[in-house]
Structures are given as structure tokens and as C-alpha cells.
Amino acid sequence: MAKKEKVKKTNDERILDQNHIEFESYTFDFVGGRQMDSSKEAKELGTDERSILKTIVLQGSNGDRDYVVVCLPITFEIDLKLVARELNEKQLHLADNKNLINITGYVHGANTPIGINVRKGFPIYFDERIQEFDKIWVSAGKVGRSVGVKREELVKLVKGHYINIEK
């Protein structure tokens with residue numbers, strides 16, 4: 001009989017455990033630096049692809065410590081002007097991808113609201129349209145790994161807020 005290989009939990013999965021938040025882990029192929037098609041991923045998960053979120057780090061105009069994190073469905077595009085207006089910021093722009101590891105502690109493709117909020121304390125904002133889903137999927141803090149959690153439990157954990165992110 002073959003042994004079942006034990007998968008090592010990510011730090012973000014441990015944070016969920018410590019906060020008694022149930023989650024489901026999902027590993028997907030990340031071949032050649034490109035993730036699988038979102039519709040294929042959603043089909044494998046048995047969910048709407050709008051419940052799978054990407055995490056984007058934005059920098060404000062107030063210097064190197066002025067960061068906010070927005071989470072929106074992977075099929076949506078962010079409207080930076082709209083988000084800046086929603087947050088009463090003069091201007092927001094994407095944080096430098098080459099410097100993400102220094103800003104958030106994660107490489108591009110592994111950013112997650114879980115660890116970013118717990119470790120860095122950056123404010124977290126979610127696209128208001130995800131409120132139609134009971135369960136959402138975010139990165140588990142490792143490229144090619146996601147976690148599915150109850151939306152309200154995650155929002156509460158990261159002290160998140162809902163805003164309009166896309167027109």
C-alpha cells in the first residue's frame with residue numbers, strides 16, 4: 001500500500017489554523033511562470049471563476065510606506081482611478097513587481113491578503129461584488145497554491161473592507 005504524501009502547510013495556512021478558520025487547499029500547475037486558465041481552474045474547483053481572487057498591491061502618493069492591497073476576481077481588471085477615489089487618495093499605482101518580496105514578503109503570484117495583513121498590517125480591500133459568494137479562493141502564500149475559505153471569515157480576519165474596484 002502506497003503512503004499518502006503529506007503536504008507541508010504554508011505559513012498562511014497555519015495562520016488560518018491558528019485562527020480556527022476552516023479552509024480547503026488547492027494546488028495547480030504553474031508551468032513556465034503562467035498559471036492555468038481561470039475557467040479551467042474554476043471548473044476543477046466546482047466554483048464560479050469570479051470567486052477566485054487575485055491580490056494586487058498598490059502604492060499611494062505618500063511615499064514608501066503608503067501601500068494598500070486590493071483583492072478582486074481574477075477575471076476583472078482594476079480601475080486605479082476609481083479605487084483612488086473610493087479610498088480618498090490622490091493617486092494610486094501598482095507597486096513595483098521586482099520589489100514585491102521586500103514590500104509584502106511574497107513573490108509575484110503568491111501575494112495573499114492573509115499574510116500581508118498579519119505581517120505588514122496593510123489595509124485590505126475586497127471588490128464589493130464578491131459578496132455574492134459564501135466561499136472565495138485566494139493565494140495560500142505560495143505560487144501554485146490556493147485556499148478556499150468562507151468569505152466573511154477571511155474579511156474579518158484581515159479587517160477587510162468592501163469597495164468598488166472595477167467599473
Side-chain angles (χ1 to χ4, degrees), residues 9-16 19 21 23 25-38 41 49-131 133 136-149 151 153-167:
K9 288 186 178 183
T10 66
N11 288 336
D12 296 89
E13 290 168 330
R14 286 197 244 343
I15 290 169
L16 292 172
N19 286 279
I21 296 175
F23 63 92
S25 292
Y26 174 70
T27 303
F28 58 89
D29 292 328
F30 199 82
V31 181
R34 300 192 60 92
Q35 95 178 44
M36 78 160 50
D37 177 82
S38 61
E41 185 178 353
E49 62 187 318
R50 295 172 299 146
S51 70
I52 303 169
L53 308 184
K54 58 186 170 185
T55 303
I56 300 177
V57 181
L58 302 175
Q59 185 171 8
S61 51
N62 294 326
D64 288 345
R65 299 278 181 228
D66 187 18
Y67 295 104
V68 296
V69 176
V70 295
C71 300
L72 67 157
I74 55 177
T75 57
F76 292 0
E77 294 296 322
I78 191 168
D79 183 331
L80 292 173
K81 288 182 181 180
L82 177 62
V83 173
R85 254 192 330 267
E86 290 273 325
L87 301 179
N88 294 315
E89 289 275 345
K90 285 184 181 179
Q91 184 178 7
L92 289 170
H93 60 274
L94 297 174
D96 180 13
N97 270 346
K98 294 177 186 171
N99 199 25
L100 274 178
I101 188 86
N102 295 325
I103 296 168
T104 66
Y106 298 93
V107 297
H108 178 71
N111 279 288
T112 172
I114 302 164
I116 292 174
N117 180 264
V118 170
R119 289 191 190 96
K120 300 292 184 171
F122 295 160
I124 310 291
Y125 298 93
F126 293 90
D127 186 292
E128 62 189 9
R129 291 169 291 183
I130 68 161
Q131 293 179 82
F133 302 105
I136 56 174
W137 295 84
V138 297
S139 172
K142 181 178 178 183
V143 175
R145 183 93 158 258
S146 295
V147 289
V149 296
R151 176 185 43 82
E153 288 185 2
L154 178 64
V155 171
K156 183 178 177 182
L157 174 69
V158 301
K159 301 170 195 75
H161 302 278
Y162 295 108
I163 63 169
N164 189 6
I165 292 178
E166 181 196 58
K167 288 182 183 173

Compare all side-chain heavy atoms of [X] with those of [Y] and state whether any distance is below 4.5 angstrom.
X	Y	value
Leu154	Ile21	no
Phe76	Arg50	yes
Leu94	Val57	no
Leu100	Val107	no
Ile78	Leu58	yes
Ile130	Tyr162	yes
Ile163	Leu87	yes

Give the minimum heavy-atom separation between [X] and [Y], together with the two atoms involved.
X	Y	value
Pro113	Thr55	CD-OG1, 3.3 Å
Ile114	Val158	CA-CG1, 3.9 Å
Ile74	Leu53	CG2-C, 3.8 Å
His93	Gly60	CE1-O, 4.1 Å
Thr112	Ser139	OG1-O, 2.9 Å
Leu72	Ile56	CD2-CD1, 3.7 Å

Interatomic distance, [X] atom [atom1] to [Y] atom [atom2] [nearest 0.5 angstrom]:
X	Y	atom1	atom2	answer
Leu92	Arg85	CG	CZ	11.5 Å
Glu128	Asn164	CD	CG	4.5 Å
Lys81	Glu86	NZ	CD	15.5 Å

Judged by atom type as modelled, is there a donor-acceptor pair below 3.5 Å linking the side chain of [X] to the main-chain atoms of [Y]?
X	Y	value
Arg14	Lys9	yes
Asp12	Gly115	yes
Arg151	Phe133	yes
Thr10	Ala140	yes

Quiz item: Under the criterion side-chain contact (heavy atoms from CB on, under 4.5 Å), which of Val149, Asn117, Asn19 is the partner of Leu157?
Solution: Asn19
Practice problem: Would you check, one step at a time, whether the test side-chain contact (heavy atoms from CB on, under 4.5 Å) holds for Tyr26 with Arg145? | Solution: CA-CA 6 Å; Tyr26 174 70; Arg145 183 93 158 258; over 6 Å; no
Practice problem: Assess whether side-chain contact (heavy atoms from CB on, under 4.5 Å) is satisfied between Cys71 and Lys54, documenting all intermediate values. | Solution: CA-CA 6 Å; Cys71 300; Lys54 58 186 170 185; over 6 Å; no
Quiz item: So Ile116 and Asn111, side-chain contact (heavy atoms from CB on, under 4.5 Å) or not? Walk me through it.
Solution: CA-CA 7 Å; Ile116 292 174; Asn111 279 288; 3.4 Å; yes
Contacts table for residues 119-127: side-chain donor-acceptor under 3.5 angstrom, sequence neighbours left out:
residue	atom	partner	partner atom	Å
Arg119	NH1	Tyr106	OH	2.4
Asp127	OD1	Arg129	N	2.8
Asp127	OD1	Arg129	NE	3.0
Asp127	OD2	Arg129	NH2	2.8

